[in-house]
Peer 1: 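My structure is below; once you've seen it, I'll send some questions.
Just the heavy atoms: all of them, side chains too, but no hydrogens, waters or symmetry mates, feed the values below. All ligand and atom numbering here is 1-based and tracks the order in the structure.
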Amino acid sequence: MKTQARPNIGSYEERLKGFSWSAAESELGYTPGADINIAWYCTDRICQQGKGGKTALLWEGLGGVEKRYTFDDLRLASNTIASFLQGLGIAPEERVCLFMDRIPELYLGFLGALKAGAVVQPLFSAFGDESLLVRLENAQTKAILTTRKHVGKVRKIREKLPCLKHIIVVDDDGRKALQEREVAFSLARSKPVEDFKAAATKAESPSVLHYTSGTTGMPKGVRHVHYSLVSQYLTAKWVLDLREDDVYWCTADPGWVTGTSYGIIGPWSQGITQCVLDVGFTAEAWYRFIQKRRVTVWYSAPTAIRALMKAGEEIVKKHDLSSLRHLVSVGEPLNAEAVVWSERVFGLPFHDSYWQTETGSIMITNFPGVKIKPGSMCKPFPGITAALLDMATFEPFHESGKVGLIAIKPGWPAMLRGYWNNQEAFEKKFKNGWYLTGDRATLDQDGYFWFVGRDDDVINTAGHLVSPFEVESALLEHPAVAESAVVSKPDEINMEVVKAFVTLKAGFAESDDLKLEIMNFIRKKLSPLAMPTEIEFIAQLPKTRSGKIMRRMLKAKEWGQEIGDTSTLEND
Ligand code: PRX
C-alpha cells in the first residue's frame with residue numbers, strides 16, 4: 001500500500017456536519033442570482049487566477065501524435081468556436097451536437113458551444129445514422145460539429161432533419177467538397193478571438209443534453225443546467241481528490257456523462273491538467289500512457305479493470321506506474337476481486353463511485369481516507385441524502401440486508417431538470433418526494449450501500465445502458481421475426497452482454513444463415529454497443545396471462561438463477 005497525504009475531503013464525518021453547497025459556491029466565487037457559465041469557469045476564470053500558462057490538456061492520438069493545450073489555449077479556442085457559432089446565428093439554448101472521436105475539437109467544441117449559450121449535445125461517434133437520427137430529431141438540433149470521418153452518417157439522414165441547419169466539419173482541409181448545409185471550420189486557420197463575452201447563462205439555464213436508454217420507448221434526453229457545476233466541482237475535489245499538481249486521466253468518452261462531468265467540467269473548473277488518449281483499448285497502450293504522462297489520478301470503469309486483470313501482472317511490472325496515487329471506478333458494479341487485485345498490483349485500491357446520467361454527479365462513493373469494504377459502494381456524498389425504499393410502499397427503511405430501491409432526496413445542484421420533451425417520463429422518476437434511480441441495493445450495519453442490480457430490464461454492457469426495447473424493435477423489422485425478447489447474459493469482461501431470443505414467422509426455417517442475416521440487418525439500425533452477441537431461436541416466448549413477455553424468466557436461465565416465484569410474473 002502506498003502512503004497517502006491527507007485527502008481533500010479531510011474527515012468524511014466532519015464534512016457531513018453542517019454541509020452546505022454554498023461553501024462550494026463561494027470557492028467558485030459564485031453568488032446566487034449571478035451569471036454562471038460552465039465554460040467561463042473552466043477557462044477564463046482559471047486564466048484570471050494566473051494559471052493561463054498551465055497545461056490543461058495533453059492529448060495523444062493514433063500513431064503517437066500529441067497535442068498540448070494550456071488553459072489560455074482553451075480560453076482562446078472556446079472563444080473562437082463560440083464566436084463562429086454565434087456568427088452562424090445559433091441562438092441561446094439552441095442545441096448544438098458534437099459528433100466526433102476524442103479529438104481536441106470535441107473538448108474545445110464543448111466549451112465553445114456552452115460559451116455561446118447553446119445547449120451542448122455530445123453523441124458517441126460510433127453511433128450509426130439511425131441512432132444519430134432519433135437523438136437529433138428529439139432534440140431538434142440546429143447544428144452539428146463533426147469530422148470528415150463521420151460526416152457521411154449525417155449526410156444520410158439530413159433530409160429527415162429540416163431542423164439541422166448547419167453541419168460544421170471541423171477538420172475540413174478543402175479536399176472534400178462540401179455539400180448542402182455544410183460549412184468548414186478549422187481552429188488552426190481561424191483568427192483567435194481574444195475577447196468574447198461568455199453568454200450570460202444563469203443557474204437554471206440548460207447546459208448539457210445527454211441521451212440515455214430506458215426500458216421502454218426511445219432514448220431520453222437528460223437535461224442538465226449550468227448550476228450542475230457546483231456538484232461537479234466539489235465531487236471532483238473530494239472524491240477524485242484532485243490537486244494542483246495532478247495529472248488526471250478520465251478514460252470515458254464525452255459521449256457519455258462521465259466524460260463530460262469528470263472528463264471536462266470537474267477537473268477544468270479546478271484548473272487541473274488532464275490527459276486524453278484517443279486510441280482503442282489495449283493493456284499495453286494504457287500502461288504505457290500512464291507511465292509516459294506520469295498519471296496521478298485515474299478514473300476508469302470495471303470493464304476496463306477486468307480486461308486489465310485478464311492481461312495479467314507481468315505487463316504491469318514492465319511499466320513504471322509509480323506516479324499513480326488515487327484510482328476511482330464508475331459505471332458498473334465494481335467486483336470485490338477487482339479492488340483486491342488493484343491493491344495488490346498497483347499498491348492502490350480502486351474506489352467505487354455510483355451515479356447516473358440523471359444525477360449528473362457522483363452520489364455514493366468510497367471516499368479517499370474512508371475504509372473500503374471491497375464490493376460495496378460505501379456512503380453518500382455529503383449533501384446527498386440517499387436511502388433505500390421499500391419496493392412496494394416506497395417508504396425508506398434502515399434494516400440491514402433487505403433489498404430496496406436506491407432513492408435520492410431531490411435538490412442537489414447537478415440533478416437532471418427534466419427529460420427533453422418528455423415530462424411524463426420525468427415525473428415517473430419521483431415517488432413520495434424521492435428521486436428513484438431505478439437501481440436496487442442493500443445497506444449494512446455501518447450504513448454502506450451494496451449494489452444488487454437494476455430494477456428494470458435495461459442491460460448494462462461494459463458500462464453502457466442498452467434498452468431491450470430498442471433492440472427488440474430493430475429485430476421486429478426483419479421479415480422473418482415474429483417476436484423477440486432481449487435480455488442480458490453474463491460475460492467475463494463486459495459483465496453483461498446482449499442476447500436476443502427470437503421466434504420466427506410461419507414459413508421461415510431456423511438456420512445459421514438466417515441468424516447471420518438478422519444480425520447484419522439490425523447492425524445497420526443499432527449502435528455497436530447494443531448489438532446482441534447471440535441470437536437464439538425459440539419456439540415460444542414465456543408470457544404472462546395478459547400476454548406480456550417475461551424477459552426475467554429468460555434472463556434467470558442465462559444467469560443460472562432460480563426462476564423464482566412466477567405466480568407474480570403471471571399477473572404482471
Ligand atoms: O445501474 C447503475 C449503473 O449504471 C447506471 C447509470 O448509467 P449511466 O446513466 O449510463 O451513467 C453511468 C455513469 C455515471 C446506474 O443506474 N452504475 C453506475 N455506477 C455504478 C453502477 N452500478 C453499480 N456500481 C456503480 N458504481
Side-chain angles (χ1 to χ4, degrees), residues 122-124 208-215 219-224 228 231-232 235-236 239-240 250-266 299-306 327-336 338-339 349-367 372-381 384 386 403 405-408 412 414-416 419 425 429 435-442 448-467 470 488 494-496 527 529-530:
L123 291 178
F124 190 45
V208 184
L209 189 63
H210 274 296
Y211 276 73
T212 187
S213 297
T215 315
K220 299 186 293 269
V222 177
R223 180 163 54 84
H224 285 294
S228 69
S231 286
Q232 289 147 352
T235 45
V239 180
L240 303 176
C250 170
T251 61
D253 188 298
W256 314 104
V257 73
T258 307
T260 56
S261 289
Y262 298 107
I264 299 179
I265 308 171
Y299 197 23
S300 198
T303 289
I305 302 165
R306 285 190 291 268
L327 318 181
V328 192
S329 162
V330 62
E332 307 154 69
L334 179 64
N335 357 13
V339 179
F350 263 97
H351 292 66
D352 198 3
S353 70
Y354 165 85
W355 57 294
Q356 309 179 301
T357 307
E358 284 88 342
T359 69
S361 64
I362 295 166
M363 296 285 104
I364 301 176
T365 182
N366 288 114
F367 294 91
I372 292 180
K373 298 189 192 182
S376 160
M377 312 190 293
C378 202
K379 297 196 180 187
F381 190 80
I384 299 297
V403 177
L405 302 169
I406 308 177
I408 320 275
W412 70 97
M415 188 181 103
L416 83 162
Y419 290 119
K429 294 294 289 183
Y435 163 76
L436 304 178
T437 60
D439 288 314
R440 296 177 185 177
T442 58
Y448 278 53
F449 284 75
W450 296 74
F451 188 82
V452 170
R454 290 190 60 96
D455 192 43
D456 56 23
D457 291 330
V458 170
I459 299 164
N460 187 335
T461 177
H464 300 298
L465 303 187
V466 173
S467 153
E470 223 180 322
S488 68
N494 296 315
M495 189 179 77
E496 299 187 341
S527 89
L529 301 165

Peer 1: Examine distances only and state if a side-chain atom of N460 and a backbone atom of G331 form a donor-acceptor pair shorter than 3.5 Å.
Peer 2: yes
Peer 1: The criterion is side-chain hydrogen bond (donor to acceptor under 3.5 Å, both in side chains); which residues satisfy it with T260, sequence neighbours excluded?
Peer 2: H210
Peer 1: Please examine the side chains of S353 and H351, heavy atoms only from C-beta on, and report whether any two atoms are closer than 4.5 Å.
Peer 2: no
Peer 1: Please list, chain by chain and in numerical order, all residues satisfying side-chain contact (heavy atoms from CB on, under 4.5 Å) with A236, sequence neighbours excluded.
Peer 2: L240, L242, Y262, Q270
Peer 1: Who are the side-chain contact (heavy atoms from CB on, under 4.5 Å) partners of D455, not counting sequence neighbours?
Peer 2: M391, L405, R440
Peer 1: Using a strict cut-off of less than 4.0 Å between a Lys/Arg side-chain nitrogen and an Asp/Glu carboxylate oxygen, indicate whether E332 and R306 qualify as a salt bridge.
Peer 2: yes
Peer 1: Once you restrict both partners to nitrogen or oxygen, which atoms of ligand 1 have a protein partner under 3.5 Å, and how far apart are they?
Peer 2:
residue, atom, partner, partner atom, Å
ligand 1, 1 (O), D439, OD1, 2.8
ligand 1, 1 (O), D439, OD2, 3.3
ligand 1, 1 (O), R454, NH1, 3.3
ligand 1, 4 (O), G331, O, 3.4
ligand 1, 9 (O), T357, N, 2.8
ligand 1, 9 (O), T357, OG1, 2.6
ligand 1, 16 (O), Q356, NE2, 2.8
ligand 1, 16 (O), D439, OD1, 3.4
ligand 1, 16 (O), D439, OD2, 2.5
ligand 1, 16 (O), R454, NH1, 3.3
ligand 1, 17 (N), G331, O, 3.4
ligand 1, 19 (N), G331, N, 3.2
ligand 1, 24 (N), E332, O, 3.2
ligand 1, 26 (N), D352, OD1, 2.8
ligand 1, 26 (N), S353, O, 2.8

